[in-house]
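Structure record follows, encoded as structure tokens.
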Amino acid sequence: RLRIDAETKLFAAIAEGRAADAANRRKAIEHYAEAASLWRDLQDGFEQALCLHRIGDVYSSLGEKQKALDYYQQALALDRSVGNRANQLLALSNIGSLYSDLGEKQQALEHFSQTIPLYRAMGNRASEVSMLNTMGRLYADLGEKLKALDSYTQALSLPRAAGNDVHPYESTTLRNLNSLYKLPAVSTPVPVAVQPTPRPSPTGTQVHLMAQAGHVDSISAIAFSPDGRFVLTASGELAAILWSVEDGKEIRRFEGHEK
């Protein structure tokens, strides 16, 4: 009997939750809460957590983010207790997104970072790359360039390891890297004969940077030096350019390649 009552409340909540007006959506919250209570009495943590997730969804749609956070966190605890990885990912992603919307980026990163081992355990490389890019953007917003770089570097390594399923995300990661270090926009190339070359400092430990033009075609590949100080980019005009990560300036251009 309890199970029938729980399912009845759940179906009513789902119908009301689809309504456009706020009043009906609030009724959905009541029915989800009643259903969650019944599932708890039935000791069905899986279904109880689903109801808590949906309460969070409704509060989020109503703009009540703190209440949504509370229910997502309750759902996350239950999902962990029953070992539901898919819904753990859902809860962590929702919590991270809400914290990001509230301007609490460190809290967002704390929850987003917990999704990475879950994605890896489930073999979901595409979602892992997408999340690493999301984390990279948040680190960049916080001014933590090295952490942003680490997230983007991890994201770039996955397409080559996982095959074509994450290939579309590679261009997204490259654009994020371009934004992170503000690499020069498309410009008119300087002839090779008149381009200045970098001169090392007297100590031989620093590079003297000279202003040069950027690529005239889209970037097709990118690689960072082991110490993270330099980045080498290649593009469709069959040229490669070495940049300084610190200030985004061009250090040297390599041309004459046939492919």
Side-chain angles (χ1 to χ4, degrees), residues 1-105 107-135 137-138 165-166 168-169:
R1 177 63 187 177
L2 280 178
R3 182 170 294 275
I4 293 173
D5 289 345
E7 290 174 348
T8 301
K9 294 289 186 184
L10 179 59
F11 293 144
I14 291 171
E16 289 165 343
R18 292 171 179 163
D21 61 293
N24 273 331
R25 279 183 281 162
R26 291 192 184 279
K27 288 181 182 177
I29 291 173
E30 294 177 14
H31 284 128
Y32 278 131
E34 291 168 355
S37 179
L38 291 168
W39 290 121
R40 184 188 61 223
D41 293 341
L42 288 162
Q43 298 184 338
D44 191 329
F46 184 93
E47 292 292 346
Q48 183 187 354
L50 284 177
C51 290
L52 296 174
H53 273 288
R54 286 167 175 161
I55 293 173
D57 290 341
V58 178
Y59 272 127
S60 182
S61 73
L62 292 169
E64 299 182 36
K65 299 184 186 298
Q66 288 294 345
K67 288 183 178 179
L69 275 172
D70 179 54
Y71 280 94
Y72 286 142
Q73 286 164 342
Q74 290 181 54
L76 177 60
L78 270 174
D79 289 328
R80 283 173 169 160
S81 70
V82 300
N84 189 333
R85 284 179 176 173
N87 280 357
Q88 286 179 57
L89 285 166
L90 179 63
L92 288 166
S93 296
N94 286 337
I95 292 168
S97 294
L98 284 172
Y99 274 128
S100 181
D101 291 344
L102 291 167
E104 299 182 44
K105 298 185 186 298
Q107 283 278 26
L109 282 163
E110 179 183 331
H111 287 83
F112 284 148
S113 65
Q114 293 176 55
T115 68
I116 300 302
L118 290 170
Y119 283 132
R120 287 175 182 167
M122 296 173 70
N124 190 339
R125 293 293 186 250
S127 294
E128 183 183 348
V129 171
S130 178
M131 183 58 73
L132 286 167
N133 273 286
T134 297
M135 291 171 61
R137 288 190 292 270
L138 284 173
D165 60 327
V166 293
Y169 292 97

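Residue numbers start at 1 and run along the sequence shown.
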Cationic N near anionic O, under 4.0 Å, Glu128 to Arg125: yes
Quick one: does any side-chain atom of Ser97 pair with a main-chain N or O of Ser93 as donor and acceptor, under 3.5 Å? yes
For Asp79 and Ala91 the tightest heavy-atom approach is OD2-CB, 4.4 Å
So which heavy atom on Tyr99 is nearest to which on His111, and how close? CE1-CE1, 3.7 Å
Grab the two heavy atoms, one from Cys51 and one from Leu10, that are nearest each other, plus how far apart they are. SG-CD1, 4.0 Å
Report the distance from atom CG of Leu90 to atom CD1 of Ile95, rounding to the nearest 0.5 Å. 9.5 Å
Distance in Å, Arg26 CZ paired with Glu16 CD, rounded so as to fall on 0.5 Å steps: 13.5 Å
Enter the distance from Asp101:CG to Lys65:NZ here, rounded to the nearest 0.5 Å. 4.5 Å
Worked verdict on Tyr32 versus Ile14 for side-chain contact (heavy atoms from CB on, under 4.5 Å): CA-CA 8 Å; Tyr32 278 131; Ile14 291 171; 3.5 Å; yes
Is the side chain of Ser81 donor-acceptor paired with the backbone N or O of Leu78 at a distance under 3.5 Å, no angle test? yes
Minimum side-chain heavy-atom gap Leu102-Leu69 below 4.5 Å: yes
Distance from Met122 atom CE to Thr115 atom OG1, nearest 0.5 Å? 11.0 Å
One thing to verify: whether Lys9 and Glu34 come together as a salt bridge, which I'm taking to mean a side-chain N less than 4.0 angstrom from a carboxylate O. yes
Taking the side chain as everything from C-beta on, heavy atoms only, tell me whether Glu7 gets closer than 4.5 Å to Trp39. yes
How close do Ala68 and Ser60 get, counting heavy atoms only, and between which atoms? CB-N, 3.7 Å
Under a 4.0 Å N-O cut-off, is there an ion pair linking Glu47 with Arg3? no
NZ (Lys105) with more than 12 external heavy atoms under 6.0 Å: yes
Compare all side-chain heavy atoms of Tyr72 with those of Asp57 and state whether any distance is below 4.5 angstrom. yes
Can you tell me how far the CG atom of Leu38 sits from the CD1 atom of Ile4, to the nearest 0.5 Å? 12.0 Å
Would you check, one step at a time, whether the test side-chain contact (heavy atoms from CB on, under 4.5 Å) holds for Leu62 with Ile29? CA-CA 11 Å; Leu62 292 169; Ile29 291 173; 4.2 Å; yes
For residues Gln74 and Asp70, is any side-chain donor paired with an opposing acceptor at under 3.5 Å? yes
How far does CG of Leu92 sit from CE of Met131, to the nearest 0.5 angstrom? 8.5 Å
